[in-house]
Colleague: 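Got a structure here, written out as structure tokens. Questions coming.
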Amino acid sequence: MTPRADLTSYLIRYPQEAGLGDEDPATVLDRYHTPDYELVNDGVPLDRQRLLDHIRPARKRAVGLRVEVQQALVDGDQVAARYRLVTELRKGGTITTEIYMFGELAVDGRLRRAVQATRILPSTR
């Protein structure tokens with residue numbers, strides 16, 4: 001399953017596998033992204049190594065997460081999505097992040113590049 005084949009499933013499965021899974025984070029990252037993948041998150045560029053450096057400690061902080069996809073569009077090699085990532089923290093509490101993502105797909109259907117704008121939503125608990 002690639003982002004091209006099913007963008008909604010990617011948006012749901014990738015954070016689960018990367019953030020909570022037992023599989024090596026590099027294997028998870030490579031399943032959905034090209035080796036030269038770059039994520040620009042709120043103006044900060046993150047290459048493959050910086051993403052892996054982010055995933056490992058995130059696994060220690062999160063005990064659960066869910067993704068609520070509002071919109072997911074694929075048009076040729078372009079993707080766009082609007083969704084929420086709800087993270088349950090090990091020390092208690094929940095963080096809800098609203099994400100607007102635009103990306104470019106490689107020929108094989110994996111993500112080559114993504115640009116995101118995010119905002120933390122007020123907690124309802």
Side-chain angles (χ1 to χ4, degrees):
M1 193 275 311
T2 63
R4 180 190 314 275
D6 189 344
L7 183 59
T8 298
S9 290
Y10 158 77
L11 293 170
I12 293 168
R13 291 177 64 176
Y14 172 67
Q16 285 280 344
E17 293 173 16
L20 299 175
D22 294 327
E23 194 171 17
D24 178 45
T27 301
V28 175
L29 189 67
D30 293 343
R31 180 177 303 127
Y32 300 107
H33 308 94
T34 60
D36 62 341
Y37 176 68
E38 180 182 56
L39 169 65
V40 178
N41 188 66
D42 294 331
V44 177
L46 302 167
D47 63 12
R48 184 176 188 282
Q49 189 57 53
R50 286 191 69 191
L51 284 166
L52 290 172
D53 292 345
H54 171 76
I55 290 171
R56 290 183 177 101
R59 284 185 171 187
K60 294 177 183 173
R61 291 191 305 268
V63 292
L65 62 83
R66 74 178 186 280
V67 176
E68 302 166 351
V69 179
Q70 281 82 38
Q71 294 175 300
L73 305 167
V74 178
D75 185 9
D77 68 349
Q78 303 294 302
V79 297
R82 180 174 62 94
Y83 62 103
R84 290 181 179 169
L85 176 65
V86 182
T87 306
E88 297 171 43
L89 302 174
R90 185 170 310 281
K91 293 185 177 184
T94 301
I95 297 174
T96 301
T97 308
E98 187 169 56
I99 302 167
Y100 298 85
M101 187 267 291
F102 303 91
E104 177 187 335
L105 298 168
V107 173
D108 67 4
R110 293 182 296 166
L111 269 173
R112 171 180 293 137
R113 179 172 167 77
V115 177
Q116 294 183 161
T118 68
R119 70 181 181 130
I120 303 298
L121 298 177
S123 178
T124 57
R125 289 187 189 190

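Note that these values count all heavy atoms, side chains included, but never hydrogens, waters or copies made by symmetry. By convention here, the first residue in the shown sequence is residue 1. Just so we're clear, the structure is a prediction, and the values are computed from it rather than from any experiment.
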Colleague: Once rounded to the nearest 0.5 Å, what's the spacing between atom CG of L29 and atom CD of Q49?
Modeller: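 That separation rounds to 10.0 Å.
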Colleague: Between CD1 of I120 and OG1 of T87, what distance do you get to the nearest 0.5 Å?
Modeller: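 If I round to the nearest 0.5 Å, the distance is 8.5 Å.
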Colleague: Could you give the distance from CG (L85) to CG (L11), rounded to the nearest 0.5 Å?
Modeller: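 Going from the CG atom of L85 to the CG atom of L11 covers 10.5 Å.
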Colleague: Please tell me whether Y37 and V107 are part of a single hydrophobic cluster in this structure, the criterion being side-chain heavy atoms less than 4.5 Å apart.
Modeller: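 Different clusters.
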Colleague: Could you tell me whether a side-chain N or O of R112 sits under 3.5 Å from a main-chain N or O of D36, the two making a donor and an acceptor?
Modeller: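 A pair under 3.5 Å: no.
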Colleague: Would you call V40 and E38 a side-chain contact if the rule is heavy atoms closer than 4.5 Å?
Modeller: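 Counting from C-beta outward, V40 and E38 do come under 4.5 Å.
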Colleague: May I ask you to decide if Q70's main-chain N or O and R84's side chain share a donor-acceptor pair within less than 3.5 Å?
Modeller: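 No, R84 side chain to Q70 backbone: no donor-acceptor pair under 3.5 Å.
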Colleague: Would you give the length of the straight line joining atom OG1 of T96 to atom CZ of R119, rounded to the nearest 0.5 angstrom?
Modeller: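 Reported value, rounded in 0.5 Å steps: 11.0 Å.
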Colleague: Looking at G109 and P3, what are the two nearest heavy atoms and their distance?
Modeller: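 In terms of heavy atoms, the two residues are closest at O-CD, 3.2 Å.
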Colleague: Mind checking the CG-CD1 spacing from D24 to I55? Nearest 0.5 Å is all I need.
Modeller: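 One gets 9.5 Å once the value is rounded to the nearest 0.5 Å.
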Colleague: Please name the pair of heavy atoms, one in D108 and one in T2, separated by the smallest distance, quoted to 0.1 Å.
Modeller: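 Closest heavy-atom pair between D108 and T2: O-CG2, 3.7 Å.
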Colleague: Minimum heavy-atom separation for P45 to G43, with atom names?
Modeller: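 Taking every non-hydrogen atom into account, CD-O, 3.5 Å.
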Colleague: Between R90 and R61, is there a side-chain heavy-atom distance shorter than 4.5 Å?
Modeller: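 No - every pair of side-chain heavy atoms lies 4.5 Å or more apart.
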Colleague: Find out if a path of hydrophobic residues (ILVMFWY) with successive side-chain heavy-atom gaps under 4.5 Å connects L121 to L65.
Modeller: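 Looking at the clustering, L65 is in a separate group from L121.
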Colleague: Minimum heavy-atom separation for T8 to A72, with atom names?
Modeller: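 Taking every non-hydrogen atom into account, OG1-CB, 3.5 Å.
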Colleague: Going from CZ on R31 to CZ on R110, what distance comes out if it is rounded to the nearest 0.5 angstrom?
Modeller: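 Spacing of CZ (R31) from CZ (R110) equals 11.0 Å.
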Colleague: Could you list the residues that satisfy ring pair (Phe, Tyr, Trp, His ring centres under 6.0 Å) with Y32, not counting sequence neighbours?
Modeller: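 Here the qualifying residues are Y10, Y14.
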Colleague: If you define the side chain from C-beta out and look only at heavy atoms, does anything of P25 sit under 4.5 Å from H54?
Modeller: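 With C-beta onward as the side chain, the pair stays apart.
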Colleague: With hydrophobic residues grouped by side-chain heavy-atom distances under 4.5 Å, do V67 and M1 end up in a single group?
Modeller: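 In one cluster: yes.
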Colleague: Are the charged groups of D30 and R48 less than 4.0 angstrom apart, N to O?
Modeller: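 A salt bridge links D30 with R48.
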Colleague: Which pairs pass ring-ring contact (aromatic ring centres under 6.0 Å, His included) with one or both residues in residues 66-117, sequence neighbours excluded?
Modeller: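 Non-adjacent pairs meeting ring-ring contact (aromatic ring centres under 6.0 Å, His included): zero.
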Colleague: Do V115 and V79 belong to the same hydrophobic cluster, where Ile, Leu, Val, Met, Phe, Trp and Tyr are linked whenever their side-chain heavy atoms lie under 4.5 Å apart, directly or via other members?
Modeller: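 They do not share one cluster, since no chain of ILVMFWY contacts under 4.5 Å joins V115 to V79.
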Colleague: Would you list the pairs meeting salt bridge (charged side-chain N to carboxylate O under 4.0 Å, His left out) in which at least one residue belongs to residues 69-80, sequence neighbours left out?
Modeller: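 Listed by first then second residue: nothing to list.
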Colleague: Is there a donor-acceptor pair closer than 3.5 Å between any side-chain N or O of D47 and the backbone N or O of R50?
Modeller: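 Yes, D47 side chain to R50 backbone: donor-acceptor pair under 3.5 Å.
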Colleague: Is it the case that one hydrophobic cluster holds both L7 and I99, taking links as side-chain heavy atoms less than 4.5 Å apart, direct or via other members?
Modeller: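 Same hydrophobic cluster.
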Colleague: Quick one, V74 with L105, criterion side-chain contact (heavy atoms from CB on, under 4.5 Å). Give me CA distance, side-chain angles, the key distance, then yes/no.
Modeller: CA-CA 9 Å; V74 178; L105 298 168; 4.1 Å; yes
